[in-house]
Amino acid sequence: MAYEGILLGMGNPLLDISLVVDEEFLKKYDIKLNNAILAEEKHLPMYQEMASKPNVEYIAGGATQNSIKVAQWMLQIPGATGYIGCIGKDKFGEEMKKNSKAAGVNVQYLEDENAPTGTCAVCVVGGERSLIANLSAANCYKSEHLKKPENWALVEKAKYFYIAGFFLTVSPDSIQLVAEHAAAKNKVFSMNLSAPFICEFFKDAQEKALPYMDFVFGNETEARTFSKVHGWETDDVAEIALKISQWPKASGTYKRTTVITQGADPVIVAEDGKVKQFPVMLLPKEKLVDTNGAGDAFVGGFLSQLVQGKSIEDCVRAGCYASNVIIQRSGCTYPEKPEFK
């Protein structure tokens, strides 16, 4: 099977500005631990403050880009993955291009002249993380870029698509174009619930894309928020996963599979009217560096096996392996070669 360009991601490329902070810092900027939000006016000074610290780290990130890079790393086949999003014409943008190319991902960025490259503050306390995204250029993505022949060629070539829910805030029409293409050509389209605020405030856009999703990823908090927003009156993650998997579909080629991670608790997979639970690899607390990118890495590991036609068991195992590696390092980074068998 030819793997070149088999997996395409589309999303918000952000340069992660990662720093170990204290409770005081969270209080100062009114940040909840373990949350993912969009930056407001009150958060803006925080980026400068973080950048001025000696132990600050810069890592090319953004949810979808993280997953695609991890899938690429797990596959170890140059150019197997591609990625589309918008960056600024600036130093951070150059950093991003360099970093993604080094990772072996075929990136096609739209470069915006007027907005700086998006950044994401990653505040780490005791290994747990909070994300505050300042989208800037990432917010300027336009479907015209996607429709350009050289970019649409990536869509034509790919057999699998992955888009984090965060992109619903930026370019729902781009998502729709890819979703409809996937349905028409019997390709696999997957998305992520991504954050409670997406399920709450972008419910309509999410619902419009949902019939096209063959795989839905998320974590337990997002799943419970989704349930609440849809008036399902249940907090039972397995039940919610099942209900999401039974949501009507635009194409009958594939049954929908819902995959919900729960930190150290088992991964829940709902498909075909059944729920399976898979234990995760537990990590001793002292080995945990930070959880930033754990969910993204899980998806990347999962997709790396899915595109090879492996079983759901193998996909989940690879997802657990990848997230286990990532949480022992700072940011969504990994060693040179995976040791996944």
Side-chain angles (χ1 to χ4, degrees), residues 5 7-17 36 38-39 58-72 79-120 122 131 133-148 150-155 157-158 160-179 181-182 189-192 194-195 198 202 205 209 217 293 295-297 299-300 303 331-332:
L7 172 63
L8 180 64
M10 197 162 59
N12 303 334
L14 302 172
L15 196 68
D16 282 353
I17 304 174
L38 292 176
Y58 296 98
I59 303 153
T64 308
Q65 188 162 244
N66 283 342
S67 296
I68 294 296
K69 278 166 63 183
V70 170
Q72 178 61 49
T81 64
Y83 175 78
I84 291 173
C86 185
I87 58 175
K89 264 189 168 343
D90 54 19
K91 158 172 132 279
F92 282 171
E94 286 308 312
E95 192 62 42
M96 192 92 80
K97 282 196 282 198
K98 203 171 76 198
N99 189 295
S100 306
K101 289 201 172 109
V105 178
N106 176 12
V107 294
Q108 292 297 332
Y109 294 125
L110 167 60
E111 293 184 43
D112 192 282
E113 305 270 348
N114 306 314
T117 295
T119 48
C120 182
V122 181
L131 310 174
N134 184 15
L135 295 181
S136 298
N139 208 17
C140 302
Y141 189 79
K142 302 284 180 289
S143 57
E144 286 70 49
H145 177 262
L146 179 64
K147 291 174 189 164
K148 285 187 174 164
E150 65 272 29
N151 299 326
W152 191 253
L154 297 183
V155 177
K157 192 165 205 178
Y160 294 81
F161 301 97
Y162 174 67
I163 303 174
F166 295 118
F167 203 53
L168 288 166
T169 74
V170 173
S171 188
D173 54 334
S174 297
I175 296 176
Q176 207 61 24
L177 283 170
V178 173
H181 167 85
F189 180 78
S190 49
M191 283 191 74
N192 203 308
S194 288
I198 298 288
F202 294 87
F217 296 96
D296 302 337
V299 174
L303 293 172
C332 197

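In this chain, residues are counted from 1 in sequence order. In what follows, every heavy atom counts, from backbone to side chain, and hydrogens, waters and symmetry copies are set aside.
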- Taking the side chain from Thr117 and the backbone from Gly88, do they hold a donor-acceptor pair closer than 3.5 Å? yes

- Taking all heavy atoms of Gly93 and all of Ile87, pick out the closest pair and write down the distance. O-CD1, 3.8 Å

- Might you work through the side-chain contact (heavy atoms from CB on, under 4.5 Å) test for Leu110 and Glu144, ending with a clear yes or no? CA-CA 10 Å; Leu110 167 60; Glu144 286 70 49; over 6 Å; no

- Note on the structure: Taking every heavy atom of Asn66 against every heavy atom of Gly61, the minimum-distance pair comes out as OD1-CA, 3.3 Å

- Atom pair CD1/OH of Ile68 and Tyr83 - distance to nearest 0.5 Å: 8.5 Å

- Query: How are the rings of Phe161 and Phe189 set relative to one another: parallel (under 30°), tilted (30 to 60°) or perpendicular (over 60°)?
  - Reply: tilted

- Gap separating the OG1 atom of Thr64 from the CE atom of Met10, nearest 0.5 angstrom: 8.5 Å

- Between Ser194 and Ile198, which heavy-atom pair has the shortest distance, and what is it? CB-CG1, 4.5 Å

- Note on the structure: Smallest heavy-atom separation, Ala164 atom then Ala63 atom, equals CB-CB, 3.9 Å

- Scan Ile175, Asn192, Leu168 and name whichever one has a side chain to side chain contact (heavy atoms under 4.5 Å, CB included) with Ile163. Ile175

- Task: Check the pair Leu146, Val178 against side-chain contact (heavy atoms from CB on, under 4.5 Å), reporting the backbone distance first and the verdict last.
- Result: CA-CA 9 Å; Leu146 179 64; Val178 173; 4.0 Å; yes

- Query: Given the rule in the side-chain contact (heavy atoms from CB on, under 4.5 Å) test, do Leu135 and Phe166 qualify, once you have shown the distances and angles that lead to the verdict?
  - Reply: CA-CA 10 Å; Leu135 295 181; Phe166 295 118; over 6 Å; no

- Query: Between Glu94 and Lys97, is there a salt bridge with N-O shorter than 4.0 Å?
  - Reply: yes

- Message: Tell me if a side-chain donor or acceptor on Asn151 pairs with a main-chain N or O of His145 at a distance below 3.5 Å.
- Response: yes

- Note on the structure: Rounding to 0.5 Å, atoms OH (Tyr58) and CG (Asp16) come to a distance of 11.5 Å

- Are the side chain of Ser171 and the backbone N or O of Lys142 linked by a donor-acceptor pair below 3.5 Å? no

- Message: I'd like to know whether Met96 forms a side-chain contact (heavy atoms from CB on, under 4.5 Å) with Gln65, so could you lay out the CA-CA distance, the side-chain angles of the two residues, the decisive distance to 0.1 Å, and finally the verdict.
- Response: CA-CA 10 Å; Met96 192 92 80; Gln65 188 162 244; 3.4 Å; yes

- Query: How many angstroms lie between SG in Cys140 and CD in Glu113, if you round to the nearest 0.5 Å?
  - Reply: 11.5 Å

- Nearest heavy-atom contact between Ser136 and Ala115 is C-CB, 4.2 Å

- Task: For the pair Phe217 and Tyr162, name the ring-plane relationship: parallel under 30°, tilted 30 to 60°, perpendicular over 60°.
- Result: perpendicular

- Item | Under 3.5 Å: donor-acceptor pair, side chain of Lys69, backbone of Cys332 | no

- Measure across Met191 and Ala209 and return the closest heavy-atom pair with its distance rounded to 0.1 Å. SD-CB, 3.9 Å

- Query: Can you tell me how far CG of Leu14 sits from SG of Cys120, rounded to the nearest 0.5 angstrom?
  - Reply: 6.0 Å

- Message: So, taking the atom named OG1 in Thr81 and the one named CG in Leu303, what distance separates them when rounded to the nearest 0.5 Å?
- Response: 10.5 Å

